[in-house]
Amino acid sequence: MDAVLRPYDLGSVQWYVLYQLATGGPTMQRDLVRLLKIERATMTGIVATLVRKGLVEQEPDRIDQRQKLLRMTAAGAKLWGELPDLGFIRSAAFDSIDAADIAIAVRVLQTATERLETLLQKGTYP
């Protein structure tokens with residue numbers, strides 16, 4: 001994914017932010033943190049980069065000025081329209097793999113992720 005996006009000066013997480021804004025419309029930055037399951041500080045850096053590139057704009061929330069609403073700019077929409085369809089990645093990776101096997105892999109990875117997140121939240125790791 002990163003190799004395909006490199007000519008457009010985008011990374012995969014930047015693409016996911018643009019994807020959410022392109023398909024879901026303006027989104028609160030805190031909601032993107034939850035949706036993408038990344039650290040708030042990481043999201044702050046990604047958004048700052050997208051703002052600097054002129055692809056995204058931030059608007060302070062009317063009630064809580066610390067919260068930011070993100071929306072794609074005209075330049076961001078133009079770039080989004082020029083990006084290649086990345087659906088081929090899923091096809092290349094998963095075509096001809098049995099759906100039941102994929103479901104098992106997803107379930108195992110979700111369980112592992114949840115266990116690790118719980119461990120980190122408790123702060124009881126070695």
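As the structure is a prediction and not an experimental result, all values here were calculated from the model.
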Student: Could you tell me the separation between the CH2 atom of Trp15 and the CG atom of Leu50, rounded to the nearest 0.5 Å?
Tutor: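 These two atoms lie 13.0 Å from each other.
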Student: Might you point out which heavy atoms bring Gly54 and Ala75 nearest each other, and give the distance in Å?
Tutor: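 Where Gly54 meets Ala75 most closely, the heavy atoms are O-CB, 3.6 Å.
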Student: Within a 6.0 Å radius of atom CZ on Arg71, are there more than 12 heavy atoms belonging to other residues, nucleotides or ligands?
Tutor: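 Result for CZ/Arg71: enclosed.
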Student: Closer than 3.5 angstrom, by distance alone: can the side chain of Asp2 be matched with the main-chain N or O of Gly11 as a donor-acceptor pair?
Tutor: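 Flag not set: sc Asp2 to bb Gly11 has no pair under 3.5 Å.
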Student: Should we say atom CD of Glu82 is surrounded by more than 12 heavy atoms from elsewhere, each under 6.0 Å from it?
Tutor: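 For Glu82, atom CD is crowded (more than 12 foreign heavy atoms under 6.0 Å).
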Student: Please examine the side chains of Val51 and Thr73, heavy atoms only from C-beta on, and report whether any two atoms are closer than 4.5 Å.
Tutor: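 They are not in side-chain contact.
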Student: Could you check whether any side-chain N or O of Lys53 sits under 3.5 Å from a backbone N or O of Asp9, counting only pairs where one atom can act as donor and the other as acceptor?
Tutor: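 Side chain of Lys53 to backbone of Asp9: a pair is present.
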Student: My understanding is that only residues two or more places apart in sequence, or in another chain, count here; which of them pass ring-ring contact (aromatic ring centres under 6.0 Å, His included) with Phe88?
Tutor: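 Here no residue qualifies.
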Student: Looking at Arg30, Gln58, Glu59, which hits side chain to side chain donor-acceptor pair (under 3.5 Å) with Gln67?
Tutor: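 The option that passes is Arg30.
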Student: Supply the members, apart from Met28, of the Ile/Leu/Val/Met/Phe/Trp/Tyr cluster built from side-chain contacts under 4.5 Å; use none for a lone residue.
Tutor: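 ILVMFWY cluster around Met28 also holds Leu69.
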Student: Could you pull out the closest heavy-atom pair between Thr27 and Asp31, with the gap in Å?
Tutor: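 Nearest heavy atoms, Thr27 then Asp31: CG2-CB, 4.0 Å.
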Student: To the nearest 0.5 Å, what is the distance between CE on Met1 and CZ on Arg6?
Tutor: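 Between atom CE of Met1 and atom CZ of Arg6 there are 12.5 Å.
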Student: What about Ile102 and Ile104, same hydrophobic cluster or not, with Ile/Leu/Val/Met/Phe/Trp/Tyr joined at side-chain heavy-atom distances under 4.5 Å?
Tutor: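 Looking at the clustering, Ile104 is in a separate group from Ile102.
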Student: Kindly compute the distance separating CD (Glu57) from CG (Leu70), expressed to the nearest 0.5 Å.
Tutor: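 These two atoms lie 9.5 Å from each other.
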Student: I need the minimum non-hydrogen distance between Val33 and Ile38, along with the two atoms involved.
Tutor: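 Smallest interatomic distance, heavy atoms only, reads CG1-O, 3.1 Å.
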Student: Could you give the distance from CG (Leu83) to NZ (Lys78), rounded to the nearest 0.5 Å?
Tutor: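 If I round to the nearest 0.5 Å, the distance is 11.0 Å.
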Student: Within the structure provided, determine whether Val4 and Pro84 are in side-chain contact (heavy-atom separation under 4.5 Å).
Tutor: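 They are in contact (side-chain heavy atoms under 4.5 Å apart), so the answer is yes.
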Student: Considering all heavy atoms of both residues, which atom of Leu32 and which atom of Met43 are nearest to each other, and what is their separation?
Tutor: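 Minimum heavy-atom contact is CB-CE, 3.5 Å.
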Student: Please round to the nearest 0.5 Å and tell me the distance separating atom CZ of Arg107 and atom CG of Leu109.
Tutor: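 The CG atom of Leu109 is 11.0 Å from CZ of Arg107, to the nearest 0.5 Å.
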Student: Nearest 0.5 Å, what's the OG1-NZ distance between Thr42 and Lys37?
Tutor: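 One finds 15.0 Å between OG1 of Thr42 and NZ of Lys37.
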Student: Evaluate whether atom OH of Tyr19 has more than 12 neighbouring non-hydrogen atoms of other residues, nucleotides or ligands under 6.0 angstrom away.
Tutor: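 Atom OH in Tyr19 is not crowded, with 12 or fewer foreign heavy atoms closer than 6.0 Å.
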Student: State plainly whether one hydrophobic cluster holds both Tyr16 and Ile89, where clusters connect Ile, Leu, Val, Met, Phe, Trp and Tyr through side-chain heavy atoms under 4.5 angstrom apart.
Tutor: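 Same hydrophobic cluster.
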Student: Looking at Ile46, Thr49, Leu55, which one forms a side-chain contact (heavy atoms from CB on, under 4.5 Å) with Val17?
Tutor: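 For Val17, the side-chain contact (heavy atoms from CB on, under 4.5 Å) test succeeds with only one of Ile46, Thr49, Leu55, which is Ile46.
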